[in-house]
Amino acid sequence: MEKVLFDCDYTTVDGKAVIRLFYKTKNGWEIERDENFTPYFYAIPKTDASELEKDLRGIEDVLKASVLEKNSVKGPVNVVRVETSHPAKVPSLREFVGELPSCATVMEADIPFHRRYLIDKQLIPMQGVEEFNPTIAAFDIEVYLPHGSIDVKRDPVTMLSYADNRGVSKVAVLKEKKILDDPRVEYIGSEKKLLEKLGQWVKEHDVDILVGYNTDNFDVPYILERAEINKTNIILGVDDSPIRLKQAGMNKESYIKGRQHVDLYSVVRQLFNIPRYRLEDVYEEIAGKEKKDLELDEMNSYWASGKPEDFQQLVDYSISDVEACITIANTVIGLHYELSRIVGQPLGESSRMGSGMRVEYFLMRKAFTQNILVPNKPVQGVVGDRLGNPVKGAFVVDPDKGIHDNILLFDFRSLYPSIIISHNVDPAMLDCDCCTKEEANTSPNGHRFCAKRKGFISTVLREIIEKRIEIKGKMKKEADPQKKKIYDVQQQALKILANSAYGYYGFAMARWYSRECAASITGWGRKYIHETIEDAEKAGFQVIYGDTDSVYLKYPKDIPLKEIEEKAITFMKDVNKKLPEAMELEFEGSYPRGVFITKKRYALIDGEGKLTVKGLETRRRDWAEIAKKTQEDVLNAILKDKNPEKAANIVKATIERVKSGKVPLDELVIHTQLTRKIGDYVAEGPHVAAAKKAMKEGGQDFGDGSMISYIVTSRPGKKIGDKAEIIENVKEGEYDSDYYINNQILPAVMRVLEALDYSEDELKGKGKQMSLGDW
DNA sequence: TACCAGAGGAG
DNA sequence: AAATCCTCTGGTA
């Protein structure tokens with residue numbers, strides 16, 4: 001690999017767009033230019049393409065108009081390719097062309113120019129980047145906040161920290177005089193110079209990928225505002241351009257030319273399923289250990305005091321943040337190199353895409369190679385119609401509530417992707433003329449898909465799945481752990497893409513949206529799970545539970561486990577014989593014991609004694625830790641120790657502890673997210689009430705998306721909301737014991753204990769004694 | 001008691 | 001800017 005493509009954009013020279021490609025080579029950055037790529041789109045004729053072509057000739061801004069054939073959903077069509085000189089001219093020109101009497105519509109006029117270039121030239125960013133061993137650096141700012149609130153106009157940046165994957169860690173501070181002997185600290189008297197340090201460091205260390213945590217929405221906007229106040233620029237681009245901030249819906253995105261900026265916050269939110277996404281939470285999830293943390297008032301007093309020991313705390317904290325970012329980057333960046341390659345767009349852009357956009361750019365790239373016309377993005381009214389017309393989803397079995405022993409779990413491997421490729425589920429294959437009713441793949445809801453040709457989307461999905469199998473095979477054989485890791489990341493990326501295909505068909509903003517496809521996929525899914533349940537029952541199994549693509553079974557008679565397993569294998573083989581070739585029911589494992597509460601809420605213990613909990617409070621972030629922990633202990637007592645008495649004692653002891661008033665607030669805090677602006681709530685729950693109070697009294701600002709961490713206090717009030725206060729405003733011990741006993745611990749544990757009634761023989765009558773009154 | 005809004009999980 | 005199904009709480013009438 002001679003060079004790696006990092007970025008693509010265009011500049012304007014004499015009114016003409018010039019593409020720039022940013023390559024990293026062994027000798028540094030190289031910018032290649034292409035002056036010969038012109039913006040274009042397709043005009044679709046009402047009737048005759050040559051008539052439309054004639055109408056287009058001589059129109060101002062039309063450089064060239066030529067008839068050519070493209071493949072549409074309805075088959076080959078003649079279209080007119082319209083070229084113009086500059087991307088900025090496209091919006092007005094496409095409107096004008098679209099209004100011509102001979103023109104039905106325009107297509108592919110809504111693809112950003114630099115992305116269009118990468119697609120048309122089939123260039124792949126990040127190809128071979130691993131061999132280059134790129135320099136990844138993290139940055140972070142601290143602001144001294146003596147006023148308790150943050151005001152970018154008033155409060156300067158006091159610290160700027162930096163760490164990279166070469167072992168450099170340092171921090172620039174807004175203090176003139178040396179305080180510490182720590183060689184990592186640079187003392188800088190002016191904020192202007194402090195801000196400029198970022199650009200100097202990035203250049204000095206020749207950073208390839210700059211990362212941060214929530215840098216899009218905090219650090220970069222803050223730095224840019226402070227830079228403006230200080231009349232300076234934040235030069236980070238390899239062409240010496242400043243970092244650029246873009247409004248993207250509700251959020252901001254920031255981009256650097258050439259070297260790529262990745263905000264790990266958005267990356268991590270997609271990749272990990274954890275209750276909270278603060279930097280320390282994510283670091284703990286990855287590293288398995290806690291990160292140094294400081295409270296806001298500690299930070300303020302340490303900065304104000306200026307004592308060496310206090311200042312050292314600040315330095316350590318600030319550096320621990322950027323070092324944590326490097327740890328996170330090291331674990332997630334490989335997958336994002338791969339996603340950038342699959343999506344075919346620069347890392348900075350692909351890392352900020354959701355699943356829908358990723359699928360779309362992947363499909364657009366494939367469509368180009370097959371001369372397929374890319375459908376337009378839907379207009380607002382169409383999006384509204386799609387949203388107002390949801391697609392029926394999966395089937396969930398009402399569980400046989402209570403305790404069960406010797407449970408077997410089966411599930412369909414990649415159910416939805418395998419349905420798509422097995423039945424050729426593709427918008428272009430819908431209701432074809434070439435197949436009779438009998439010949440076509442007819443979905444349970446009556447949609448017919450061609451059985452003679454193969455759809456473009458169903459085919460690329462098949463290729464993805466086959467590629468993944470091939471890579472997994474190579475991965476297994478590979479001995480070198482580093483190469484193994486790369487294969488693993490490749491197969492993960494393909495899995496992510498394949499699993500997004502169904503969601504994409506039902507995504508209201510999708511170009512290739514297809515209600516018929518989405519409904520057919522879930523329709524087939526429901527059919528297969530229903531048939532599997534029937535077959536299991538016919539084979540003598542009891543179906544305890546099932547959801548979408550999984551079934552939990554048990555054999556009701558008391559026969560040896562070995563015989564049950566044999567019957568299970570026979571059942572599975574029979575099911576698989578009937579299934580299309582790409583589909584497969586797999587045996588996932590067995591569980592000695594489980595308790596099923598309701599749909600999507602149950603717990604299982606495996607052969608090693610490991611507890612799996614689904615949907616119950618233990619798994620929810622909007623329940624207090626004390627309720628979650630007690631529920632988990634009770635589940636273990638029942639499923640692992642088979643000892644309901646122990647469960648009862650756990651609950652009694654916890655309640656005593658709560659009553660004593662000595663439970664730390666950490667175990668009582670409830671985390672609930674604001675999912676809209678505070679003024680937009682019709683119903684005011686406790687978290688909203690707590691947030692409102694804190695905003696009124698403390699001058700804090702909780703916007704859309706903020707996590708509210710509150711305590712139900714012992715303060716007077718009728719509603720729970722009256723007693724709810726954000727944790728920062730509550731003293732230890734100031735909590736409402738009755739609330740935590742009656743509304744947190746008891747509901748959580750009783751849900752589990754009440755299920756015991758279903759197997760009284762095992763409980764030897766003890767279940768009956770455990771009612772709410774006994775406590 | 002019945003109903004709604006809201007949150008967050010499962011697959 | 002991927003989808004739907006589902007349970008449960010707190011507030012209100």
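Small disclaimer: the values here were computed from a predicted structure and weren't measured. Order of the sequence lines fixes the chain letters, A, B, ..., with proteins taken first and strands second; residue numbering starts at 1 for each chain.
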Which part of the nucleic acid does [X] contact within heavy-atom distance under 4.0 Å: base, sugar-phosphate only, or nothing?
X	answer
A:Tyr602	sugar-phosphate
A:Arg352	sugar-phosphate
A:Ser500	nothing
A:Thr548	sugar-phosphate
A:Trp512	nothing
A:Tyr545	nothing
A:Gly354	sugar-phosphate

Residues in side chain to side chain donor-acceptor pair (under 3.5 Å) contact with [X], at least two apart in sequence or another chain:
X	value
A:Tyr740	none
A:His404	A:Lys554
A:Lys629	A:Asp633
A:Asp736	A:Lys723

TODO: State whether the side chain of A:Asn729 and the backbone N or O of A:Ile726 hold a donor-acceptor pair below 3.5 Å, judged by distance alone.
DONE: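 Such a contact is absent between A:Asn729 side chain and A:Ile726 backbone.
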
Tell me whether the side-chain N/O atoms of [X] come closer than 4.0 Å to OP1 or OP2 in [N].
X	N	answer
A:Asn743	C:dT9	no
A:Arg621	B:dG8	yes
A:Lys599	C:dC6	yes
A:Arg601	C:dC8	yes

Open item on the list: Side chain of A:Pro747, heavy atoms from C-beta onward: which of B:dA10, C:dT9, B:dG8 has the nearest atom to it?
Closed with: C:dT9

Open item on the list: From the set C:dC8, C:dA1, B:dG8, return the single nucleotide nearest to any side-chain atom of A:Phe507.
Closed with: C:dA1

Residues in ring-ring contact (aromatic ring centres under 6.0 Å, His included) with [X], at least two apart?
X	value
A:Tyr265	A:Tyr213
A:Phe218	A:Tyr222
A:Tyr416	A:Tyr502
A:His423	A:Trp524

Open item on the list: Are A:Val489 and A:Tyr337 packed together at the side-chain level, in the sense that at least one heavy-atom pair is separated by less than 4.5 angstrom?
Closed with: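 In short, these two side chains do not touch, never coming nearer than 4.5 Å.
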
Open item on the list: Quick check: on DNA chain C, is the nucleotide nearest A:Trp623 upstream (toward 5') of the one nearest A:Asn499, or the reverse? Name the residue that is more 5'.
Closed with: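 Nearer the 5' end of the strand: A:Asn499.
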
Can you check nucleotides 3-6 of chain B for protein contacts, nitrogen or oxygen pairs under 3.5 Å, and list what you find?
| residue | atom | partner | partner atom | Å |
| --- | --- | --- | --- | --- |
| B:dG6 | OP1 | A:Val682 | N | 3.0 |
| B:dG6 | OP2 | A:Arg676 | NH1 | 3.0 |

- [ ] Measure from CD on A:Glu617 to P on C:dT7 and round the result to the nearest Å.
- [x] 13 Å

- [ ] Determine which pairs satisfy salt bridge (charged side-chain N to carboxylate O under 4.0 Å, His left out) with at least one residue from residues 419-428 of chain A, sequence neighbours left out, and list them in order.
- [x] none

Task: Members of residues 706-724 of chain A that approach DNA chain C, where some heavy atom sits under 4.0 Å away - done: A:Lys719, A:Ile720, A:Gly721

TODO: Could you identify which residues of residues 374-396 of chain A place a heavy atom less than 4.0 Å from some atom of DNA chain C, listed by residue number, or say none?
DONE: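 Close to the strand are A:Pro390, A:Val391, A:Lys392, A:Gly393, A:Ala394, A:Val396.
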
